[in-house]
*Asks:* 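Once you've had a glance at the structure underneath, I'll fire off some questions.
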Protein chains: 2
Amino acid sequence: MTDVAQLADVSPSTVSLYLRKPEAVSPAASQSIAYAIEKLNYVPNFMAGGLAAASSRAVSILVPSVRNAFFAETVSAMQAALRKERLQVILGHTEYDEREEEDLVRMALSWAPAAIVLTGLSHSAVTRRLLARTSVPVIEIWELGGPQIGAAVGFHHDQVGIAAAEHLFKQGRRNLVFLGARMHEDRRAKMRCDGFVACARAAGVEVEIVEHAAPASVEVGSTLLQETLRLHPQTDGIFCSNDHIALGALFACERLHIAVPKQLAVIGFGDLSFSAACNPPLTTIRPSGDLIGCEAARLIIENLAGNRSQDKLTIDTRFTVLHRRSS
Amino acid sequence: MTDVAQLADVSPSTVSLYLRKPEAVSPAASQSIAYAIEKLNYVPNFMAGGLAAASSRAVSILVPSVRNAFFAETVSAMQAALRKERLQVILGHTEYDEREEEDLVRMALSWAPAAIVLTGLSHSAVTRRLLARTSVPVIEIWELGGPQIGAAVGFHHDQVGIAAAEHLFKQGRRNLVFLGARMHEDRRAKMRCDGFVACARAAGVEVEIVEHAAPASVEVGSTLLQETLRLHPQTDGIFCSNDHIALGALFACERLHIAVPKQLAVIGFGDLSFSAACNPPLTTIRPSGDLIGCEAARLIIENLAGNRSQDKLTIDTRFTVLHRRSS
DNA sequence: GTGAAAGCGCTAACAG
DNA sequence: CTGTTAGCGCTTTCAC
């Protein structure tokens, strides 16, 4: 930076200012600085900058896994939005493990990030303590309806379950089953299940739950459907914890010559890549993973601009019931 | 760190050493330092560390998009492997745009990362120049068979096309079509196509190519299949640029009552979540996205440990033809 | 095995 | 709008 300043015939602080707030530097100085940067192939050092400023232009995002299309979408949307403000994404995978999250938060703090984004509202006590001690803004995504550390951007998963139950009721279904996978890990799937069960119970209907120990997958969906028919042959409506399970169920129905939706109505969650295109097209509930990412990024950017007002803000991104031919 | 040193009654440099090479510090000192760290809730500052050491424990990973399951897998595998060495992942999305990649590389360099991981072998001249000037190790993933900047971990996409053609020949198919989407962007899909066409031509078979301008999706797959039947009704074997396209084709076949594989053999690429579970199970070629991530991480870790030997190393992670019932 | 000294490259008041 | 000044918190020789 000193070299650039020398070549541009200004002081280093003017170069620094130019890099951070170009509009505050005179056009003449700007031009010669730009030339010098180009000429010298100057690459700024973010670590020196971050050290001096006691905070970096990095945002730490911690999700269970980016293999999960939901989080991939959110991470992608967020990175695109943050990129415009020249903010970098530091990614961490918690694998649904609070201890892992704790460790990742510790490392995240070492970068003095502009913000830390966590998935969900349940975190270990240590995580909460670590975060309470810092002034780094925290944003929790993909879940609403519990105690927040900072701002939260997401939706109520129990409401998803309620919407699913109401939808199936409207279709005249009364023998309902919830198909789930590994719900002890995926708390949000559990919440959808709970909302579904509670809503049905309020209408005098007892929901059966058929669960699998393996992580959600298309194959698990097929297995669960077979299991469902074996245990509860009367079933006329199923809500699947996500669209992978639902697709597997549809495939199994096809193989077993079960008419969907005539004999069995199927509703999923996620609106994944195949959901609109399969046979029959899958009725599902679409969570706005993109919107969650965009809104979270917006909060971070506003915060950076000085808007410290939205500390424990809650943004409900809602969800949409997509009624297609599987119900 | 000074506070920790004071409390532990050692010098700051001993604390620093303890944090970086615990085995080089005496057990007695280690113990009191550990106690002091715990007691004071000391959080190291990576930026100060990076500034002083002129390099950070961050790895910059640039992929087209993490929404793409292939790259999500690799990123996930890599982050898991790097995490064990306390290396952080800085993520960037190029969206298949070399200008974007260039800009992301520039920002990546500002972190003085332990390595930069790029997707594919084609990069802008500026990107190459930027990278040539630094001593940051570069690893290119998901493609082999072109000029490398640094090490490369991946496989030959044209060989995938060849394997697909050979497979279809073995099934007695001679009227072959390649179904692709947006191949001007996805160079690697184009390479698979080229390999397929070249192999067929060598056997005296002319392959037709049916392409769509939109990005690959299940719906595009259905559209492409219909288009294929309209333009080339004799077709008895198709190779799809990926499993989303293939799944869409299977769905369309089902709707049109086209017997798969009897009338039409289908082979895809990717072995995605649904590929083994659909009707019929999809014959596909599995690229080892996980392995690519693991091997890339291994290179980075070895490099960090001083193994500078593997500069322009090439690691072929191969691929597997999974013969299932769609062919 | 441990400590003293000298920065790493930049930012942030503040004064002009 | 620009320059001066004083560090930010750590690593790294090099002695001891």
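Quick note on labels: first sequence line is chain A, next is B, and so on, each numbered from 1. Predicted, not measured: the structure shown is a model, and the values here were computed from it.
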*Asks:* Side-chain donor-acceptor pair under 3.5 Å between A:Ser122 and A:Arg187, yes or no?
*Replies:* yes
*Asks:* Holding to side chain to side chain donor-acceptor pair (under 3.5 Å), I want the full list of residues that pass it with B:Gln148, two or more places apart in sequence or in another chain.
*Replies:*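 Here the qualifying residues are B:Thr314.
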*Asks:* Please list, chain by chain and in numerical order, all residues satisfying salt bridge (charged side-chain N to carboxylate O under 4.0 Å, His left out) with B:Glu101, sequence neighbours excluded.
*Replies:* none
*Asks:* Holding to side chain to side chain donor-acceptor pair (under 3.5 Å), I want the full list of residues that pass it with B:Ser60, two or more places apart in sequence or in another chain.
*Replies:* none
*Asks:* Is A:Ser11 near enough to D:dG3 that one of its side-chain N or O atoms lies under 4.0 angstrom from OP1 or OP2?
*Replies:*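 So the side chain of A:Ser11 is within the cut-off, an N or O lying under 4.0 Å from OP1 or OP2 of D:dG3.
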*Asks:* When you measure from every atom of DNA chain D, which of residues 26-41 of chain B have a heavy atom less than 4.0 Å away?
*Replies:*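 The stretch gives none, as no residue of it lies under 4.0 Å from the strand.
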*Asks:* Between A:Ile141 and A:Leu118, is any pair of side-chain heavy atoms under 4.5 Å apart?
*Replies:*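 No, too far: nothing below the 4.5 Å cut-off.
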*Asks:* Listed by chain and number, what are the salt bridge (charged side-chain N to carboxylate O under 4.0 Å, His left out) partners of B:Glu73, not counting sequence neighbours?
*Replies:* none
*Asks:* When the distance from CZ of B:Arg57 to C1' of D:dC10 is rounded to whole Å, what number comes out?
*Replies:* 15 Å
*Asks:* Taking only residues at least two apart or on different chains, which pairs with a member in residues 86-126 of chain A satisfy ring-ring contact (aromatic ring centres under 6.0 Å, His included)?
*Replies:*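 Output for this query lists A:Trp111-B:Phe46, A:Trp111-B:Trp111.
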*Asks:* Just the table, please: protein N/O against nucleotides 14-16 of chain D N/O, every pair under 3.5 Å.
*Replies:*
none

*Asks:* In the 5'-to-3' direction, what one-character label does each nucleotide of nucleotides 7-16 of chain C receive under the scheme B = base within less than 4.0 Å of a protein heavy atom, S = sugar-phosphate only, - = no such atom?
*Replies:* BBBBBB----
*Asks:* Under the side chain to side chain donor-acceptor pair (under 3.5 Å) test against B:Ser124, which residue among B:Arg129, B:Glu102, B:Glu100 passes?
*Replies:*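 Exactly one pass, corresponding to B:Glu102.
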*Asks:* If you define the side chain from C-beta out and look only at heavy atoms, does anything of B:Leu91 sit under 4.5 Å from B:Gln79?
*Replies:*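 No; the side chains remain at least 4.5 Å from each other.
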*Asks:* Specify the separation, in whole Å, of atom NZ of B:Lys21 and atom C1' of D:dT12.
*Replies:* 11 Å
*Asks:* Tell me, do A:Arg106 and A:Leu130 make a side-chain contact under 4.5 Å, heavy atoms counted?
*Replies:*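 Yes - at least one pair of side-chain heavy atoms lies under 4.5 Å apart.
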*Asks:* Would you mind listing every ring-ring contact (aromatic ring centres under 6.0 Å, His included) that reaches into residues 49-85 of chain B, with sequence neighbours excluded?
*Replies:*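 For residues 49-85 of chain B, and leaving out neighbouring residues, the ring-ring contact (aromatic ring centres under 6.0 Å, His included) pairs sorted by first residue read B:Phe70-B:Trp142, B:Phe70-B:Phe269, B:Phe71-B:Trp142.
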*Asks:* Distance check needed: D:dG9 C1' versus B:Gln6 CD, whole Å only.
*Replies:* 15 Å
*Asks:* Using the C1' atoms of five pairs at each end, what's the angle between the two axes of the helix from C:dG1-D:dC16 to C:dG16-D:dC1, to 10 degrees?
*Replies:* 10°
*Asks:* What residues form a side chain to side chain donor-acceptor pair (under 3.5 Å) with A:Asp103, not counting sequence neighbours?
*Replies:*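 A:Asp103: side chain to side chain donor-acceptor pair (under 3.5 Å) contacts with B:Arg83, B:Arg86.
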*Asks:* Enumerate the side-chain hydrogen bond (donor to acceptor under 3.5 Å, both in side chains) contacts for residues 34-46 of chain A, please, sequence neighbours excluded, ordered by first and then second residue.
*Replies:*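 Only A:Asn41-B:Arg133 qualify under side-chain hydrogen bond (donor to acceptor under 3.5 Å, both in side chains).
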